[in-house]
Amino acid sequence: MTDLLLRVTGMTCAHCAQRVEEALNRLPGVAASVSFQDRTVEVRGDGPGGLDALRAAVAQGGYGLERIDAELSDERGPGLHVAIIGSGGAAFAAAIRAVEAGARVTMIEHAARIGGTCVNVGCVPSKILLRAAEIRHDQGHHRFEGIGRLDLPVDRGALLAQMRDRVDALRGAKYERIIEGMPGIALLRGTAWFEDARTLVVEDATGGRTRLTADRVLIATGASPVIPPIPGLEGTPYWTSSEALFAAMAPASLIVIGSSFVALELAQAYHRLGTEVTVLARASLLTRDDAELGAGLLAAFEAEGITVLTGTTAQAVRHEADRFEVTLQGGSRDGMTMCAAQLLIAAGRRANTGALGLDAAGVMVDRDGAVVVDDHMRSSVARIYAAGDCSTMPQLVYVAAAAGTRAAINMTGGDAALDLGIVPAVVFTDPAVATVGLDEAQARAAGIEPVSRRLDLENVPRALANFDTTGFVKLVAEAGSQRLIGAQILAHNAGEMIQTAAIAIRYRMTVQELGNMLFPYLVMTEGLKLAAQTFTRDVSQLSCCAG
């Protein structure tokens, strides 16, 4: 039996879809996936009896199967056509793998530049700006005696030119030249939406429309900044992260609305480049993480001179004469106003799915508009997949790339799941915040009794040598087995440390095993070894490089 896409009749609810799927999957050699929204079933495998056997399997439940198209082309052959909406990290990872599997790919992009958020207005330019700000800050605030401290002006034009050159170079090398060098990928410029579950309409800049039918569709449209409905905000020249990264001039003062990683990274970068910065945080900082991380970062920000107003939101905004006036809301600050030369909105990001016509295709989304996917990146509709920030996967570029690769494997006949049990994450402030696995509250919610230890950086030799002991390493273990299940780090370059913990969790190491490993000396990552040793001893009583 060749792979088939069939219409299912007689289904009235999601439970019906489950019964049909179970009935078909009981047949030897058959793998079936039913979409209740689309009223279809995708059947893979070579079970005996062909279509008649499939119909017989579901007939006893009162359901029927109707052929709605010809048999699918060879899943791994050159006839398989994959359409990808978007051109970011998830899209390119999927396109490359699909072409390698023998498919032909049509990539659809409406923006002037391909590459999506990361290379153009996200990871790459933000890390350049953060590193430049760190260097300027260190020139004036380093901790070493005998070396002069400087407060040098910033040539923002030169800095932006260097940033744009690197962004352009990476986009050219990692995106544009890939399309040029892979004839199996065709780039179609325009805005795409679903006419139905099998048809895409693509409208170009002139208004011309193309209808496209593909064997598989991957939605990889990314996400955009959320703009809260603050009275008076609409029509003002506020910044999102994109404008903040490439602004020609640094303002004298800046109000940042938001406390996500984007808000905090940009707030600190602008402060270090000479701007007076105030952050408005609805609750505290990094509320999704262990509370000690947010508290530690808040203290570091305030020590550096960044004003953070916790429990505070913007009630209204007024803009006139190159000045923003923000009316505050929250506790004793209700009704108070504060002014700044610029306003940055960094209140989170939302999936770019609103204009895709997903209702017409029957694709299910969550309340934030993200496409609901399983661990194979399959949506609720057969043949339609999603990956990256537009899906219910974590909004991290390396998750997007991994999801895109696995989506392509699955679209071309393979079977690849994405395991999100161990996902390291980094906030690139200074000190940085890095996490992986479970914190104590998450462990208890998962039914695991945790035990944890926190090691302040004053116990880490490299931090002492750096004269920078701001932060800590916290490890969470399962109480009975002592198996490491989580790590939370607040430290300079914590992102360079966290993958060691991720590997230890992945390979089910105990804290004793981690503490017994050989670590180089002097490195910050040794803090993980020392933190692991605190489960059984007082590390303050050890010599510097005690094993």
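Two residues are said to be in side-chain contact when any heavy atoms from C-beta on lie closer than 4.5 Å; S379 and I219 fail this criterion. Under the 4.5 Å side-chain criterion, counting only non-hydrogen atoms from C-beta, M336 is not in contact with L309. For the pair F246/M163, a side-chain contact is recorded, criterion being any heavy-atom separation below 4.5 Å from C-beta on. Contact of the Q329 side chain with the T313 side chain is registered, since non-hydrogen atoms from C-beta on lie closer than 4.5 Å. With a 4.5 Å cut-off on side-chain heavy atoms, T275 and L273 do not count as touching. The closest side-chain heavy-atom distance from I345 to P228 is below 4.5 Å. Using a 4.5 Å heavy-atom threshold, the side chains of Y398 and V423 count as touching. Between V105 and I84, some side-chain heavy-atom pair lies under the 4.5 Å cut-off.
Although no hydrogens or angles enter the test, the distance criterion places a donor-acceptor pair under 3.5 Å between the side chain of Q442 and the main chain of D439. Using a distance-only test at 3.5 Å, with no hydrogens or angles considered, no donor-acceptor pair links the side chain of T213 to the main chain of T199. Between the E109 side chain and the S87 main chain, a donor and an acceptor come within less than 3.5 Å of each other. Judged by distance alone, with hydrogens and angles left aside, the side-chain atoms of E243 form a donor-acceptor pair with the main-chain N or O of T240 at under 3.5 Å. Proximity of a side-chain donor or acceptor of N493 to a complementary backbone N or O of E496 within less than 3.5 Å is not detected. Of the possible donor and acceptor atoms, none in the side chain of S391 sits under 3.5 Å from a partner among the backbone N and O of A386. Between the side chain of H141 and the main chain of H137, a donor-acceptor pair closer than 3.5 Å is present. The backbone N or O of D368 sits less than 3.5 Å from a side-chain atom of R350, completing a donor-acceptor pair. When atom types are taken as modelled, the side chain of T337 and the backbone of E325 share no donor-acceptor pair closer than 3.5 angstrom. Distance alone, capped at 3.5 Å, is enough to place a donor-acceptor pair between the R156 side chain and the A247 backbone.
The line from CD of E320 to SG of C339 is 9.0 Å long, rounded to the nearest 0.5 Å. Here the OG atom belonging to S33 is positioned 11.0 Å from the CG atom belonging to N410, to the nearest 0.5 angstrom. Residue T470 holds its OG1 atom at 8.5 Å from CG of D430, rounded to the nearest 0.5 Å. A distance of 11.0 Å separates CG in L343 from OG1 in T278, rounded to the nearest 0.5 Å. Note that CD1 of I108 and OG1 of T221 are 11.0 Å apart. Values are rounded to the nearest 0.5 Å. Taken from CZ in R378 to OG in S35, the straight-line distance is 11.5 Å, to the nearest 0.5 Å.
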L254/L266 under side chain to side chain contact (heavy atoms under 4.5 Å, CB included): CA gap, chis, key distance, verdict: CA-CA 10 Å; L254 175 68; L266 289 175; over 6 Å; no

Side chain to side chain contact (heavy atoms under 4.5 Å, CB included) evaluation trace for V476 with L438: CA-CA 7 Å; V476 181; L438 305 176; 5.7 Å; no

Working for side chain to side chain contact (heavy atoms under 4.5 Å, CB included), residues V277 and V256: CA-CA 7 Å; V277 175; V256 180; 4.1 Å; yes

Salt bridge (charged side-chain N to carboxylate O under 4.0 Å, His left out) assessment of E134 paired with R272: CA-CA 7 Å; E134 180 184 29; R272 290 182 164 191; 5.1 Å; no

Step-by-step salt bridge (charged side-chain N to carboxylate O under 4.0 Å, His left out) determination, R209 to E195: CA-CA 12 Å; R209 293 185 176 182; E195 187 173 74; over 6 Å; no

Worked check of side chain to side chain contact (heavy atoms under 4.5 Å, CB included) between I384 and F194: CA-CA 11 Å; I384 300 177; F194 286 92; 3.7 Å; yes

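Scanning both residues, R349 and S241, for their nearest heavy atoms gives NH1-OG, 4.3 Å. Minimum heavy-atom separation, A91 to G86: CB-O, 3.2 Å. Across all their heavy atoms, A340 and I255 have their closest contact at CB-CG1, 3.5 Å. Here the closest heavy-atom approach between residue Q342 and residue P237 is recorded as OE1-O, 3.1 Å. Here the closest heavy-atom approach between residue V82 and residue A103 is recorded as CG2-CB, 4.2 Å. Between A408 and A94 the shortest heavy-atom distance is CB-O, 3.2 Å.
Between W239 and Y270, the ring-plane angle classifies as tilted under the 30° and 60° cut-offs.
Within 6.0 Å of atom CD in Q315, more than 12 heavy atoms from other residues, nucleotides or ligands are found, so the atom counts as buried in its surroundings. Other residues, nucleotides and ligands contribute at most 12 non-hydrogen atoms within 6.0 Å of the CZ atom of R282. Around the CG atom of D322, the shell of radius 6.0 Å holds no more than 12 heavy atoms that belong to other residues, nucleotides or ligands. Within 6.0 Å of CD in E203 there are more than 12 heavy atoms belonging to other residues, nucleotides or ligands.
Defined by atom type and a distance below 3.5 Å, a donor-acceptor pair is present between the side-chain atoms of H81 and T106. At a cut-off of 3.5 Å, with distance as the only test, a side-chain donor of Q268 or E304 sits close to an acceptor on the other residue.
Y175 has its ring centre less than 6.0 Å from the ring centre of F92.
Checking V119, V121, N120 one by one against T117, the side chain to side chain contact (heavy atoms under 4.5 Å, CB included) holds for a single residue, V121.
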